[in-house]
Amino acid sequence: GYDLVILDRGDPAAGAYGAYVGDEWVGRGPDAISKTSSACAASGWDAALRAKVQQWLDVGLTGVELDGPYGGETCGATNHSGHRHLKDSVFRQTEKQNAFFAWLVSEGVYVHTPDRYFYYGASKSGMGYDEQQYSLPRWEDLSVSRAGMYDDLYERTPTMGWMFVPLVEYHGGGAAATFLSDDREAFEWAFAQYLTSGVMACFRGPVLYDSNATRIVVAKWAAFYREHRAILTADVVHLKRPDVQGLDALLHVDAGADEVGLLVVFNPLAASVSTELRVPLYYTGLEDAARVTDDTGRARDYAL
């Protein structure tokens with residue numbers, strides 16, 4: 001399920017685009033009268049939202065994508081049930097949002113969110129995320145997004161983050177910014193760079209593929225992810241940051257797994273590159289020997 005929680009659920013006249021929560025629960029300005037573009041998380045809206053979600057839990061909801069959770073806005077209302085006035089509004093709204101996430105987790109729900117509420121139950125949040133980058137031309141988007149993802153993998157494991165692929169236009173950029181049959185190479189690169197990094201992306205559009213050729217791409221990389229899922233979701237060793245000037249690379253490692261390492265190398269250049277890449281195997285647990293299998297399935301033994 002998907003829900004827009006707080007952000008842009010306020011007064012449309014104040015610029016909100018989400019469904020209006022109503023005068024009772026809308027955020028108020030410092031004057032306690034003017035309406036803001038967001039709902040107030042400590043107005044009673046949190047309880048109403050919880051009741052709505054409970055209806056879905058009752059029919060088997062196991063995962064929810066929450067957009068626009070509480071982000072720090074003040075509320076000047078003096079008649080809201082969860083806070084007294086402007087000065088305690090940020091603290092109380094933060095409490096309410098935290099409690100909402102904790103409740104979802106207690107109900108066994110997987111929580112996908114754009115903000116870092118990890119301490120209160122969020123399962124994953126956006127990596128290297130700036131909505132405007134998804135309006136860039138496809139190849140620029142891929143390069144910028146891969147660099148942002150690489151950086152965020154310093155502080156998170158792959159399954160703690162998500163990326164974004166605009167299958168249809170998102171905010172802007174026109175056809176040059178979208179990923180489907182118009183550019184099958186970029187479409188495949190998007191699947192490859194996210195699934196080989198172990199990071200799931202939100203593929204935004206009415207269909208996941210629009211031709212037999214793009215269906216084959218989806219099936220190929222989904223099969224790759226399923227085969228290597230254990231190591232792809234393990235910790236990452238950073239080898240070379242993406243800069244679009246040469247190769248970039250990362251290494252998935254798990255000394256306790258059957259597959260103890262998986263090396264991913266990207267070449268964003270138009271030409272082939274011949275170079276030497278030093279790959280430290282310390283965190284794979286390998287000491288004396290290593291068997292390396294390439295993407296064609298050929299295996300070779302190395303003495304370490």
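Quick caveat: nothing in here was measured; it's all calculated off a predicted structure.
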* How about Cys40 and Trp25: do any of their side-chain heavy atoms sit closer than 4.5 Å? -> no
* Asked: So does Asp248 pair up with Arg241, basic N to acidic O under 4.0 Å?
  -> no
* Asked: Any chance the side chains of Thr159 and Thr233 put a donor and an acceptor closer than 3.5 Å?
  -> no
* **Contact summary for Met149 and Ser197, nearest pair of heavy atoms** => CE-OG, 3.4 Å
* Determine whether Val53 and Phe100 make a side-chain contact, defined as any pair of heavy atoms from C-beta on separated by less than 4.5 Å. => yes
* To do: Heavy atoms only: give me the nearest Leu4-Asp8 pair and the separation to one decimal.
  => CD2-O, 4.1 Å
* Asked: More than 12 non-hydrogen atoms from neighbouring residues, nucleotides or ligands closer than 6.0 Å to CG on Asp258, yes or no?
  -> no
* Heavy atoms from other residues, nucleotides or ligands near OH of Tyr154 exceed 12 (cutoff 6.0 Å) -> yes
* Indicate yes or no: at least one non-hydrogen side-chain atom of Ser125 is less than 4.5 angstrom from one of Phe118. => yes
* is_close_aromatic(Phe164, Phe203), centroid dist under 6.0 Å -> no
* To do: Output the distance between atom NE2 (His85) and atom OG1 (Thr74), rounded to the nearest 0.5 Å.
  => 12.5 Å
* Asked: Do Gln132 and His171 have side-chain atoms, one donor and one acceptor, less than 3.5 Å apart?
  -> no
* To do: Could you tell me whether the side chains of Thr113 and Asp115 share a donor-acceptor contact shorter than 3.5 Å?
  => no
* Nearest heavy-atom neighbours spanning Gly172 and Ala177 -> O-CB, 4.0 Å
* **No-hydrogen, no-angle side-chain donor-acceptor test under 3.5 Å, Glu188 and Trp221** => yes
* **Gln93 side-chain N/O to Glu73 backbone N/O, donor-acceptor pair under 3.5 Å** => yes
* For the residue pair Ser145 and Gln133, confirm or rule out a side-chain donor-acceptor distance under 3.5 Å. => yes
* Asked: For Tyr283, does the OH atom sit with more than 12 other heavy atoms under 6.0 Å from it, leaving out its own atoms?
  -> no
* Hey, are the side chains of Asp254 and Asp235 touching, using non-hydrogen atoms and a 4.5 Å cut-off? -> no
* Asked: Are a donor atom and an acceptor atom from the side chains of Glu259 and His228 found within less than 3.5 Å of each other?
  -> yes
* Arg50 CZ: over 12 foreign heavy atoms closer than 6.0 Å -> yes
* To do: For Tyr120 and Gln97, test the side chains for any donor-to-acceptor distance below 3.5 angstrom and give the result as yes or no.
  => no
* Non-hydrogen atoms of Tyr150 and Ala249 that approach each other most closely -> CE1-O, 3.5 Å
* Asked: Nearest 0.5 Å, what's the CZ-OH distance between Phe101 and Tyr70?
  -> 13.5 Å
* Asked: Is Arg298 paired with Asp295 through a side-chain N to carboxylate O contact shorter than 4.0 Å?
  -> no
* For residues Phe224 and Phe191, determine if any side-chain heavy atom of one lies less than 4.5 Å from a side-chain heavy atom of the other. => no
* Asked: Can a salt bridge be assigned to the pair Arg300 and Asp294 using a cut-off of 4.0 Å between side-chain N and carboxylate O?
  -> no
* Check the surroundings of atom CD in Glu155: do more than 12 heavy atoms from other residues, nucleotides or ligands lie under 6.0 Å from it? => yes
* Do the numbers put Arg9 on top of the ring of Tyr20, so that NZ or CZ is under 6.0 Å from the six-membered ring centre and no more than 45° off the axis? -> no
* So do the side chains of Phe187 and Leu167 get within less than 4.5 Å of each other, counting heavy atoms only? -> yes
* Asked: So, Asn212 versus Tyr209: side-chain donor-acceptor pair below 3.5 Å or not?
  -> no
